[in-house]
Protein chains: 2
Amino acid sequence: MDNQDLRKAGLKVTLPRLKILEILERAPARHVSAEDVYRTLLESGEDVGLATVYRVLTQFETAGLVKRQNFEGGHSVFELDQGEHHDHLVCVKCGRIDEFVDKTIEERQAKIAANAGFEMTDHSLNIYGICPTCQKKK
Amino acid sequence: MDNQDLRKAGLKVTLPRLKILEILERAPARHVSAEDVYRTLLESGEDVGLATVYRVLTQFETAGLVKRQNFEGGHSVFELDQGEHHDHLVCVKCGRIDEFVDKTIEERQAKIAANAGFEMTDHSLNIYGICPTCQKKK
DNA sequence: ATGTATGCAAAACATTTGCACCTGG
DNA sequence: CCAGGTGCAAATGTTTTGCATACAT
């Protein structure tokens with residue numbers, strides 16, 4: 001089935017692309033960095049270059065298969081794009097990432113952009129904090 | 001007056017620090033990158049290293065004098081911290097940055113963090129789009 | 001004087017790109 | 001076969017760091 005997605009995006013079905021797609025699908029955290037993907041590939045004995053990981057992830061993003069999130073410190077994570085937009089709650093201690101959607105916020109954002117005369121292309125809302133687990137550990 | 005702010009932060013009052021503070025105060029765009037500050041310094045004939053610009057800006061951030069915003073592409077901008085929190089509207093064409101505050105959004109964010117059991121430490125909301133000026137230029 | 005600050009050059013990251021070789025359709 | 005894909009190494013852009021020197025107090 002994934003082969004179809006790749007072909008539709010005009011991408012050849014190659015081993016690296018399939019493997020990376022698989023890793024994204026199985027990632028327990030859903031949000032993984034390019035480095036994470038690369039490490040996982042090496043662990044499974046695949047001989048894929050980090051450059052390819054970046055190239056493939058970028059192509060996937062262009063194809064709409066994947067979403068890229070830029071967090072603080074010039075560090076990005078990728079997640080499978082499952083259609084529904086959402087924002088992120090990021091734990092600054094353990095890196096855990098929760099997702100949420102808030103219709104009210106979405107609406108206000110659209111209104112703010114419109115008021116300012118901006119044609120909104122995208123938006124990112126990240127709430128940083130300490131997750132329940134890390135609070136207990138303290 | 002600024003000398004006081006520096007001293008209070010435990011920083012010696014040095015020429016580079018004063019100059020950088022001055023540039024931040026006079027920046028027409030309010031939001032400047034380290035590179036911007038560096039270039040402005042060179043233009044005014046000051047002999048300051050880029051490393052110092054980064055060091056000073058980081059110290060200013062720690063001291064609460066300055067806010068750092070991380071935008072997409074591992075690129076950061078700095079602005080004088082004037083107390084009132086605000087979010088950003090960023091033009092993806094010309095880089096123009098507008099500020100806004102929306103009480104409703106702030107409240108919802110706090111609620112979302114609380115519901116998830118997160119102790120919120122910070123949050124960043126950036127709306128990306130095309131500003132009115134760039135729309136006309138099209 | 002003495003502990004900080006600074007400039008410079010080198011290092012550290014995260015990401016991208018050039019290029020010769022490989023591979024899917 | 002041949003365009004597109006890949007690995008590797010080198011380049012990039014941004015930010016940080018090591019170190020010897022210079023400065024504020």
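Quick caveat, the model's predicted, so the values are computed rather than measured. Here is the naming used below: chain letters follow the sequence lines, and residue numbers restart at 1 for every chain.
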Measure from the side chain of [X], starting at C-beta and using heavy atoms only, and say which of [options] lies closest.
{"X": "Ala51(B)", "options": "dT16(D), dT16(C), dT6(C)", "result": "dT16(D)"}
{"X": "Leu50(B)", "options": "dA9(D), dG25(C), dT15(D)", "result": "dT15(D)"}
{"X": "Thr14(A)", "options": "dG7(D), dT6(D), dT15(C)", "result": "dT6(D)"}
{"X": "Lys12(A)", "options": "dG7(C), dA24(D), dG24(C)", "result": "dG24(C)"}

Tell me: [atom1] of [X] to [atom2] of [N], nearest whole Å?
{"X": "Leu11(A)", "N": "dA3(D)", "atom1": "CG", "atom2": "P", "result": "18 Å"}
{"X": "Leu41(A)", "N": "dC8(D)", "atom1": "CG", "atom2": "P", "result": "12 Å"}
{"X": "Asn70(B)", "N": "dA14(C)", "atom1": "CG", "atom2": "C1'", "result": "14 Å"}
{"X": "Gln69(A)", "N": "dT15(C)", "atom1": "CD", "atom2": "C1'", "result": "18 Å"}
{"X": "Phe60(B)", "N": "dA5(C)", "atom1": "CZ", "atom2": "C1'", "result": "12 Å"}
{"X": "Arg17(A)", "N": "dG7(D)", "atom1": "CZ", "atom2": "P", "result": "11 Å"}
{"X": "Tyr38(B)", "N": "dT15(D)", "atom1": "OH", "atom2": "C1'", "result": "14 Å"}
{"X": "Leu18(B)", "N": "dC23(D)", "atom1": "CG", "atom2": "P", "result": "15 Å"}

For Ser76(A), report the nucleic acid contact type (base, sugar-phosphate, nothing); a contact means any heavy atom under 4.0 Å.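 Sugar-phosphate, no base atom in range.
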
Looking for any heavy atom pair under 4.0 Å, which part of the strands does Leu15(B) touch: base, sugar-phosphate only, or nothing?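 Here Leu15(B) touches no strand at all.
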
Residue whose nearest DNA chain D nucleotide is more 5′ - Arg55(B) or Val13(B):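 Looking at DNA chain D, the more 5' nearest nucleotide goes with Arg55(B).
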
Mapping Thr52(A) and Tyr54(B) to their closest nucleotides on DNA chain D, which lands nearer the 5' end?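 Comparing both residues, the 5'-ward one is Thr52(A).
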
Using the rule that two of Ile, Leu, Val, Met, Phe, Trp, Tyr join whenever any of their side-chain heavy atoms come within less than 4.5 Å, decide whether Tyr38(A) and Val77(A) are in one cluster.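 No; Val77(A) is not reachable from Tyr38(A) via cluster members.
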
Report whether Ile23(A) and Leu15(A) are members of the same hydrophobic cluster (ILVMFWY, side-chain heavy atoms less than 4.5 Å apart, transitive linking).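 Result: no, two separate clusters.
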
Is it true that Glu35(A) and His75(A) share a donor-acceptor pair across their side chains at a distance under 3.5 Å?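 The criterion, which ignores hydrogens and geometry beyond distance, is not satisfied for Glu35(A) and His75(A).
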
Would you tell me whether His88(B) and Glu79(B) have side-chain atoms, one donor and one acceptor, within less than 3.5 Å of each other?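 A donor-acceptor contact under 3.5 Å links the two side chains.
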
Kindly compute the distance separating CD1 (Ile130(B)) from CZ (Arg96(B)), expressed to the nearest 0.5 Å.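 So the CD1 of Ile130(B) and the CZ of Arg96(B) are separated by 12.5 Å.
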
